[in-house]
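Presented below is the structure to which this report refers.
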4 protein chains.
Amino acid sequence: MSRPHPDGRVRAAAVALFATKGFHGTGIRELADAVGLSSATLYHYMGTKEDLLVDIMQTSLDRLLTAAGQVLTESPSPVGAMNGLVRTHVVAHALRKAETAVVDTELRALSPERRRPITALRDEYENVWGSVIEKGQASGSFQVPDLSVARLALLQMCSGVANWYNPGGRHALAEIADMHAQLSLAMLGAEPEPGLPPAAHYIHLVTGIWGDDAAPG
Amino acid sequence: MSRPHPDGRVRAAAVALFATKGFHGTGIRELADAVGLSSATLYHYMGTKEDLLVDIMQTSLDRLLTAAGQVLTESPSPVGAMNGLVRTHVVAHALRKAETAVVDTELRALSPERRRPITALRDEYENVWGSVIEKGQASGSFQVPDLSVARLALLQMCSGVANWYNPGGRHALAEIADMHAQLSLAMLGAEPEPGLPPAAHYIHLVTGIWGDDAAPG
Amino acid sequence: MSRPHPDGRVRAAAVALFATKGFHGTGIRELADAVGLSSATLYHYMGTKEDLLVDIMQTSLDRLLTAAGQVLTESPSPVGAMNGLVRTHVVAHALRKAETAVVDTELRALSPERRRPITALRDEYENVWGSVIEKGQASGSFQVPDLSVARLALLQMCSGVANWYNPGGRHALAEIADMHAQLSLAMLGAEPEPGLPPAAHYIHLVTGIWGDDAAPG
Amino acid sequence: MSRPHPDGRVRAAAVALFATKGFHGTGIRELADAVGLSSATLYHYMGTKEDLLVDIMQTSLDRLLTAAGQVLTESPSPVGAMNGLVRTHVVAHALRKAETAVVDTELRALSPERRRPITALRDEYENVWGSVIEKGQASGSFQVPDLSVARLALLQMCSGVANWYNPGGRHALAEIADMHAQLSLAMLGAEPEPGLPPAAHYIHLVTGIWGDDAAPG
DNA sequence: GATGAATGAGCGTTCATTCAT
DNA sequence: TATGAATGAACGCTCATTCAT
């Protein structure tokens with residue numbers, strides 16, 4: 001087995017460092033050290049530091065959108081769709097806590113021009129959640145005081161997993177996903193629906209999109 | 001002799017800048033410009049940049065703890081306490097979105113020694129929420145899959161208000177507080193309890209602690 | 001007597017270094033060393049390196065224009081004006097060889113936006129020479145094959161003094177100015193005109209504009 | 001084993017870039033891009049960047065010396081020799097403006113050891129002009145105030161053509177050469193001599209030495 | 001109080017050059 | 001021939017901080 005491509009190792013190290021110390025708190029030499037290269041060599045594999053951040057965010061949001069798309073495809077009812085969105089989101093934010101945390105935290109580090117398309121992707125993703133909530137409210141499956149407040153509250157709650165999830169912690173990933181699905185549906189005033197796929201299904205979905213090879217981030 | 005206490009205007013400007021651009025993304029000259037002083041003069045009003053951040057966080061967490069203490073004093077039941085905690089938290093995170101966002105985001109910018117006492121304060125505050133949830137679960141008022149997961153999810157959700165609240169937005173602050181109380185209690189599987197104080201009560205409580213004079217942050 | 005203002009010392013050192021090693025061949029730390037400051041302190045007294053170059057060029061061209069204006073004022077005839085232009089130009093390029101060489105050599109180091117106004121100043125100065133040649137040709141005092149070729153050839157020849165003038169050299173400055181006046185008028189096919197001011201007059205004019213205080217550059 | 005000889009395309013690109021942006025203002029990757037090679041491959045065709053500059057200058061000065069030698073051979077009188085030197089110099093500085101400008105401008109970019117032999121070549125060339133002027137002055141054909149000042153002024157004037165010559169400009173090359181011959185002889189106080197070769201003769205001489213194949217530089 | 005002056009350290013980035021393939 | 005990969009050194013510039021006035 002050969003060493004993984006430096007391009008990927010740079011990205012992985014950047015994800016880890018940006019998540020831990022923030023974009024502005026991470027130096028280019030620190031990143032180079034983490035990869036085992038000189039800072040000059042780093043620029044063989046990347047553009048600017050900002051390019052690197054943009055790439056990380058874009059990739060991550062693309063994957064979240066892909067996952068959400070698959071969930072919608074296989075889930076006809078609002079309750080089923082919501083269940084799937086929450087579980088994939090939670091699983092992704094647990095398995096790739098660094099990567100997702102960077103997306104959630106470092107938007108402000110981008111210059112306005114670079115920020116715009118990233119924000120657009122994020123909005124696109126959040127709109128998926130919004131439309132599911134809307135459909136559920138319209139069909140009577142959900143009872144929320146306000147559509148967009150519910151969407152924001154829900155997303156915020158589920159993204160928070162990236163802040164505290166611990167692979168060796170008290171709860172297995174599947175349990176955490178289950179609990180968040182349960183809490184979310186309760187928040188939406190929804191009746192539990194029988195026959196929904198178990199957490200394992202969504203774990204598989206997420207790992208299929210993100211891949212297992214690279215170090216989780 | 002202790003460090004000089006930062007002038008209110010310095011503190012306010014720092015809060016605004018740290019919230020917008022992050023601690024590491026904010027320069028000391030930028031802060032000085034915002035206050036209308038030279039960077040050298042700034043050091044008459046503060047210790048180091050890190051001292052300033054610590055001070056901001058400490059003050060903010062102290063106030064949250066004070067508010068939580070008052071809520072507990074006046075709320076005998078778990079449902080009433082939870083209702084109060086959520087509303088004060090939401091109101092504080094709306095009226096002082098910058099300040100509270102800094103506390104939630106910039107912990108990682110602190111050196112380990114300075115971080116420890118701040119983390120302790122934050123844990124103390126979160127424990128208040130935890131013990132109310134525990135009491136409610138024990139008394140049968142709440143039905144949650146896991147105590148600590150519920151606590152984390154709840155806090156994350158309510159803190160998120162600081163990210164999107166807009167004073168001139170679609171919903172009045174009281175409405176937002178009401179909605180979050182409703183969503184939270186639904187999440188906890190609690191029956192609505194009659195006779196709880198309205199949002200205005202908690203807005204008053206928060207403004208009493210934070211003061212109205214300074215620009216909100 | 002106090003030390004001269006660092007601002008001026010920075011400019012003087014920059015002029016010397018830019019003239020000797022070129023703009024791109026001069027490092028900011030090299031400049032700082034020459035002034036006896038740290039590179040960080042340098043930025044207390046200047047903007048960017050390019051700002052510094054622009055400032056040097058602007059000042060120099062302004063002075064040349066001022067000198068040319070005074071010459072025109074006091075010289076009615078084309079022969080007299082040309083005599084004065086050549087002598088002031090040569091004297092300036094001898095006494096301030098570094099400064100004038102920078103103007104002649106480093107235009108290309110400027111970014112297009114910064115170059116434009118400097119080029120405009122240079123063109124304005126060259127146009128003074130052009131219109132004197134034109135007037136002389138029209139009045140029959142000069143006999144040149146082409147107006148603009150004569151202007152370019154003349155200016156080039158006189159500017160060259162900055163490349164080889166040596167304060168302690170074989171010829172005194174006044175002699176060099178005299179010779180260039182003679183060569184120039186011969187080139188233009190002009191009859192020598194009696195009663196023109198001696199070189200000393202133009203040396204005085206130049207030193208009056210440039211000042212004696214700072215180190216020559 | 002000597003240094004690899006730079007490929008013609010590398011040399012041509014270097015000449016163009018050094019002339020436009022200066023030696024220090026031109027990057028090795030920029031040069032590689034211009035040739036369509038990688039920067040690593042460039043080093044198969046050249047030694048160091050400085051070697052490249054030395055080679056350019058040496059070749060150019062060798063050619064100027066060759067041209068001057070041919071002129072002297074075919075021109076017995078000082079006036080005829082001067083006429084030929086000026087015309088070949090002007091033609092070379094027009095047809096190969098980039099190359100000649102690099103020689104005139106970038107001497108300072110060389111390290112002292114590499115500069116010495118180049119300076120020697122340049123001095124040798126300038127001495128040819130000097131001795132012709134001296135002979136003309138001795139024989140009474142020229143009337144100049146000072147031998148070396150005249151030499152410097154003359155050379156500077158004629159080299160200046162490289163700064164402004166434009167192949168599609170108002171004047172044909174032959175005209176420009178004629179005018180400079182006329183201006184130069186006037187400067188030297190020389191009577192026009194009948195029977196001198198036309199500009200075309202010297203254009204042919206220059207193109208014979210420099211070759212037509214490569215892009216002019 | 002308030003600031004201009006000063007700096008060592010570090011920033012993100014590019015430099016000319018080498019070398020294994 | 002040709003290049004991707006690699007680097008130590010340097011680039012122009014900014015950082016948080018100090019201190020004499």
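Since we're looking at a predicted model, the values are computed, not measured. Numbers restart at 1 for each chain; the letters A, B, ... are given by sequence-line order, proteins then strands.
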Sugar-phosphate only, base, or nothing, as touched by S39(C) at under 4.0 Å among non-hydrogen atoms: base
Closest to side chain of Y45(A), choosing from dG8(F), dA6(F), dT17(F): dA6(F)
Spacing of [X] atom [atom1] relative to [N] atom [atom2], expressed in whole Å:
X	N	atom1	atom2	value
I28(A)	dG12(F)	CD1	P	20 Å
D33(A)	dG8(F)	CG	P	11 Å
K21(A)	dC11(E)	NZ	P	10 Å
K49(A)	dC13(F)	NZ	P	19 Å
Y43(C)	dC13(F)	OH	C1'	5 Å
H24(A)	dG12(E)	NE2	P	10 Å
L31(C)	dC13(F)	CG	C1'	13 Å
D51(C)	dG12(F)	CG	P	14 Å

DNA chain F: 5'-proximal contact among R29(B) and L42(D) (nearest heavy atom): L42(D)
With a 4.0 Å cut-off on N to O distance, would you call [X] and [Y] a salt bridge?
X	Y	result
E106(B)	K21(B)	no
D104(D)	R122(D)	no
R11(D)	E99(D)	yes

Which donor-acceptor pairs under 3.5 Å do side chains of residues 33-42 of chain D form with protein atoms, sequence neighbours excluded?
from	atom 1	to	atom 2	distance (Å)
S38(D)	OG	A40(D)	N	3.4
S38(D)	OG	T41(D)	N	3.1
S38(D)	OG	T41(D)	OG1	2.9

Nearest-nucleotide comparison on DNA chain E, the residue closer to the 5′ end among E50(A) and L37(C): L37(C)
Nearest-nucleotide 5' precedence on DNA chain E, T26(D) against E30(A): E30(A)
Flag if over 12 foreign heavy atoms under 6.0 Å of CZ, R114(B): yes
K49(B) to T26(B) - nearest heavy-atom pair and separation: NZ-O, 2.9 Å
Residue among L110(C), L52(C), T100(C), L121(C) satisfying side chain to side chain contact (heavy atoms under 4.5 Å, CB included) with M57(C): L110(C)
For DNA chain F, the dot-bracket pattern of Watson-Crick and G-U pairs whose distances stay under 3.5 Å, | for other-strand partners: .||||||||||||||||||||
Taking only N and O in the side chain of [X], is any of them less than 4.0 Å away from OP1 or OP2 of [N]?
X	N	answer
H44(C)	dA5(E)	yes
S38(A)	dT7(F)	yes
T41(A)	dT7(F)	yes

